[in-house]
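Only this structure's heavy atoms are used, side chains among them; waters, hydrogens and symmetry mates stay out. In what follows, every chain begins at residue 1, and chains take the letters A, B, ... in the order their sequences are listed.
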Protein chains: 2
Amino acid sequence: MTARTPNPPTGLRAATLPPVAPRPTLRDVATAAGVHPATASRALNEATRSLVRPATVERVREVATALGYQVNPIARSLKTSRSETVGVLVPDLTNPLFPPIVRGIEDALGASGYTVLTANTDNDPARAASNFAAMQARQVDGFIVATARLDDPLMHEAAERGVPMVLVNRLTEHLDVSAVAGDDATGIARTVDHLVGLGHRDIAHVAGPLNVSTGSVRLRAFRTAMQQHGLPDDRVVVAEAYSDAAGHAATLELLDGRAPTAIVAGNDLLAIGSYDALEERGLSCPEDVSVVGFNDMPFISRLRPPLTSVRVPQYDLGVESARLLLDVLSGRTATPRMVLLPVQLIVRGSTAPPRG
Amino acid sequence: MTARTPNPPTGLRAATLPPVAPRPTLRDVATAAGVHPATASRALNEATRSLVRPATVERVREVATALGYQVNPIARSLKTSRSETVGVLVPDLTNPLFPPIVRGIEDALGASGYTVLTANTDNDPARAASNFAAMQARQVDGFIVATARLDDPLMHEAAERGVPMVLVNRLTEHLDVSAVAGDDATGIARTVDHLVGLGHRDIAHVAGPLNVSTGSVRLRAFRTAMQQHGLPDDRVVVAEAYSDAAGHAATLELLDGRAPTAIVAGNDLLAIGSYDALEERGLSCPEDVSVVGFNDMPFISRLRPPLTSVRVPQYDLGVESARLLLDVLSGRTATPRMVLLPVQLIVRGSTAPPRG
DNA sequence: CCCGAGCATGCAGTCGTTTGCAAGGATCGG
DNA sequence: CCGATCCTTGCAAACGACTGCATGCTCGGG
């Protein structure tokens with residue numbers, strides 16, 4: 001029996017409980033196996049196992065499983081200053097776009113032994129900064145960021161300091177880090193093609209906030225696509241946020257003038273807001289006005305009417321961002337990579353030929 | 001200048017970066033303030049601050065902020081064997097029910113300085129167990145569990161070992177730990193009242209899985225309510241899971257006999273499945289069959305038709321569970337508490353008087 | 001004017017693991 | 001049969017913060 005630190009007096013601990021067996025430590029394993037803790041450490045550690053004689057490795061591992069030994073990640077982290085943990089920053093988990101992304105991240109990182117810390121920033125740069133700092137203090141090995149702004153000092157500073165990170169969905173200008181996003185430009189082009197093909201000429205865009213890349217890229221893509229069809233590209237109103245309320249307000253503004261025959265919304269939430277505004281003005285979709293969303297959020301096909309939308313592979317976005325981060329962390333990656341995942345226009349009941 | 005461990009040779013580090021200033025340590029602060037590390041520790045630590053002369057406290061704190069010192073939570077955890085981290089187990093983050101709960105948990109725990117680790121179990125007890133163990137290895141201070149089964153050995157074992165934990169939404173029988181849930185029984189009673197009030201007599205229940213408390217409690221409540229109205233309580237079919245696919249299958253089975261005039265679904269996803277089944281059989285809702293859901297998931301009001309559902313305060317469920325856990329962790333709580341949050345029937349377009 | 005109480009601070013060990021260095025033994029060639 | 005080499009293992013010092021104990025100081029009462 002080992003004679004190290006005796007347990008504190010347990011008299012006052014909940015008397016009903018059996019004295020909780022303290023988690024065995026590396027020393028316990030070493031003692032039981034008759035080796036030095038250092039040897040046990042090397043035997044149990046994948047990377048250093050080759051330094052130890054196979055028979056010893058075997059013995060140590062047996063004892064370890066017999067005792068139910070698990071390494072203490074805290075102690076290991078303290079020594080190695082890595083934590084096998086990554087931080088994920090999202091604007092808001094209750095926005096249906098993000099759960100699939102986070103799930104993809106967790107699945108992919110979990111498979112490599114990492115755990116995930118998530119934080120919600122509510123699109124507030126100050127909260128992003130404080131969450132970022134808090135996670136760094138917890139020694140996260142890297143970040144996956146879904147909250148980046150087009151011009152984002154926090155991202156630039158972190159990149160310059162060499163913090164391992166990957167952007168997902170939202171990108172930052174002139175930032176030299178790996179990133180994954182949907183192919184927004186193509187998605188918007190297909191959308192406009194589709195509407196023009198139905199006979200629409202008067203097409204408006206309810207753009208998302210221009211300080212995030214999705215808003216700005218989709219707006220630019222909208223203008224380009226309209227120009228290529230020889231149509232006016234100035235029927236644009238910018239929403240304050242990616243929310244149904246903001247989409248509602250922006251669409252109302254749009255409808256204050258002459259109503260377009262079709263609306264390209266910056267994302268699905270904005271499209272829902274458009275639905276509300278149309279109803280409020282007594283216009284029906286798709287008879288009076290067609291509406292297209294973006295992202296193809298879960299359950300969006302069950303709206304009334306079912307929303308035509310651009311499907312973005314959200315789960316895969318998460319998985320791919322995790323892969324890129326793993327590449328960075330393992331040092332395999334020399335230069336940052338930028339991955340654009342293909343998107344697909346899903347035509348449903350919210351688009352139809354214009355009236356008359 | 002301190003003369004401790006010299007930095008490793010930086011020659012091979014990315015040459016473009018300024019030599020990254022290593023995070024200052026407690027020793028750095030102590031040295032700069034001209035005190036012993038122990039004193040600095042006490043000065044910076046809320047609980048022990050009173051042991052240090054106020055002037056010294058002041059000086060140390062100034063130096064600390066000047067140097068940008070932040071405690072290293074890893075080192076602290078190793079010593080204190082607490083991590084200021086809690087683990088959250090959910091079945092699946094992409095199920096719309098859970099993001100609001102998780103968000104509530106993160107907001108409430110974050111305000112108390114805790115960070116949150118989440119894991120998805122996909123309703124698999126083995127995954128739950130391994131995630132549980134992994135989180136324990138990471139020294140989480142406690143758990144909030146949304147994956148509990150009615151009979152759950154893992155929960156019992158953890159409770160017996162005295163692991164601080166709280167159940168949310170799904171409960172376990174005969175388990176002596178704090179828990180929060182919606183008042184399911186009342187919700188179902190109100191639902192049946194509503195349908196009977198509309199004139200329905202032939203009411204069926206598409207129950208959720210009976211191995212989780214929500215499925216079993218709602219079924220029992222359905223039976224009780226039907227009996228109180230003097231109606232048959234045996235029009236019940238049990239779904240394999242809380243998913244639209246399972247709801248679809250279960251409802252088809254139900255419709256294979258004589259169609260009821262109203263369906264009480266175990267939750268909103270099952271109700272969506274009922275929608276699908278009704279459509280497949282050429283029945284319309286609410287004209288032929290009324291449908292009621294449970295939970296009032298985000299965006300459920302936008303279905304076709306808008307779903308009548310029982311609103312459960314999901315975010316508050318999360319907040320309350322976090323509070324209960326904080327009580328346990330602070331030792332303020334003597335006996336486990338069970339909190340039932342009030343629910344409210346939201347009547348929408350999916351319920352109407354029966355035909356004829 | 002001296003001694004004890006009490007406050008403020010320093011000392012050093014500890015949490016559990018990793019890892020550079022050194023030492024012991026075995027092996028092999030000359 | 002001996003010394004050089006390699007392989008295996010042990011030793012001990014970290015990582016950064018916390019904390020029981022010891023110490024030195026100040027202050028007050030007799």
Side-chain angles (χ1 to χ4, degrees), chain A residues 2-9 22-60 64 67-84 136-139, chain B residues 2-9 22-60 64 67-84 136-139:
Chain A
T2 66
R4 57 196 190 81
T5 323
N7 289 333
R23 181 188 300 283
T25 163
L26 188 55
R27 253 220 305 276
D28 297 335
V29 174
T31 308
V35 298
H36 192 271
T39 305
S41 170
R42 287 188 272 250
L44 263 17
N45 218 310
E46 186 61 49
T48 50
R49 186 170 353 275
S50 60
L51 297 177
V52 179
R53 186 160 49 110
T56 310
V57 170
E58 183 60 18
R59 184 158 34 102
V60 171
L67 264 52
Y69 170 77
Q70 294 180 194
V71 313
N72 180 329
I74 303 274
R76 169 179 290 173
S77 288
L78 179 59
K79 183 62 185 174
T80 63
S81 62
R82 286 175 305 102
S83 62
E84 308 270 274
Q136 278 210 105
R138 298 214 174 220
Q139 307 266 34
Chain B
T2 68
R4 59 195 187 80
T5 322
N7 289 334
R23 182 188 301 281
T25 162
L26 189 55
R27 254 222 302 279
D28 298 334
V29 174
T31 310
V35 298
H36 191 272
T39 305
S41 170
R42 286 188 273 250
L44 263 17
N45 219 310
E46 186 62 49
T48 51
R49 197 183 327 290
S50 61
L51 297 177
V52 179
R53 187 161 48 113
T56 310
V57 171
E58 183 60 18
R59 184 156 36 99
V60 172
L67 263 51
Y69 170 77
Q70 294 180 193
V71 314
N72 181 328
I74 303 275
R76 169 178 288 174
S77 289
L78 180 59
K79 180 62 183 172
T80 62
S81 64
R82 286 176 305 102
S83 62
E84 308 269 276
Q136 276 208 108
R138 299 214 174 219
Q139 307 265 33

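The distance from atom CD of E58(A) to atom C1' of dT8(D) is 17 Å, rounded to the nearest whole Å. Here the P atom of nucleotide dG16(D) and the CZ atom of R23(B) are 10 Å apart, to the nearest Å. The CG-P distance, from L44(A) to dT19(C), rounds to 14 Å in whole Å. In this structure, R76(B) atom CZ and dC15(D) atom P are separated by 19 Å, rounded to whole Å. To the nearest angstrom, C1' of dC18(D) lies 13 Å from CG of L78(A). Nucleotide dT18(C) holds its P atom 14 Å from the CD1 atom of I74(B), rounded to whole Å. For R49(B) and dC7(C), the CZ to P distance is 19 Å, given to the nearest whole Å. For the pair R82(A) CZ and dG16(C) P, the computed distance is 20 Å after rounding to whole Å.
Scanning all heavy atoms of the two residues, the minimum distance from R23(B) to Q70(B) falls at NH1-NE2, 3.7 Å. Contact between Y69(A) and T25(A) at its shortest, heavy atoms only, is CE1-C, 3.6 Å. Counting all heavy atoms, side chain and backbone alike, P24(A) lies closest to L67(A) at CG-O, 3.4 Å. A pairwise comparison of heavy atoms in A75(A) and L78(B) identifies CB-CD1, 3.7 Å as the closest pair. For Q139(B) against I74(A), the heavy-atom pair with the smallest separation is CG-CG1, 3.3 Å.
Taking only side-chain nitrogens and oxygens, T80(A) never comes nearer than 4.0 Å to OP1 or OP2 of dT17(C). A sub-4.0 Å separation between OP1 or OP2 of dT18(C) and a side-chain N or O of N45(A) is present. Proximity of T39(A) to the phosphate of dG10(D): a side-chain N or O atom is located under 4.0 Å from OP1 or OP2. Within the 4.0 Å cut-off from OP1 or OP2 of dC11(D), at least one side-chain nitrogen or oxygen of H36(A) is found. At dA8(C), none of the side-chain N or O atoms of R53(B) fall inside 4.0 Å of OP1 or OP2 (strictly under the cut-off). In this structure, T25(B) reaches the dA17(D) phosphate: one of its side-chain N or O atoms is under 4.0 Å from OP1 or OP2. Distances shown here put a side-chain N or O of S41(A) below 4.0 Å from the OP1 or OP2 atom of dT18(C).
Considering only the side chain of L26(B), dA17(D) comes nearest among dA17(D), dG10(D), dA12(C). Distances were taken from every side-chain heavy atom of K79(A) (C-beta onward) to each of dA14(D), dT19(C), dT14(C); the shortest belongs to dA14(D).
The residue among Q70(B) and R59(A) whose nearest nucleotide of DNA chain D lies closer to the 5′ end is R59(A). Taking the nucleotide of DNA chain D with the nearest heavy atom to each of P54(A) and A38(A), the more 5' of the two is matched to P54(A).
Put simply, the side chain of R42(A) and the base of dG10(D) share a donor and an acceptor less than 3.5 Å apart.
L44(B) pairs in a side-chain contact (heavy atoms from CB on, under 4.5 Å) with only one of the listed residues (V52(B), L26(B), T39(B), V57(B)), which is L26(B).
In this structure, T56(A) reaches the sugar-phosphate backbone alone: every heavy-atom distance under 4.0 Å involves primed, P, OP1 or OP2 atoms, never a base. Residue contacts for L51(B): at a heavy-atom cut-off of 4.0 Å it reaches a base atom on one of the strands shown.
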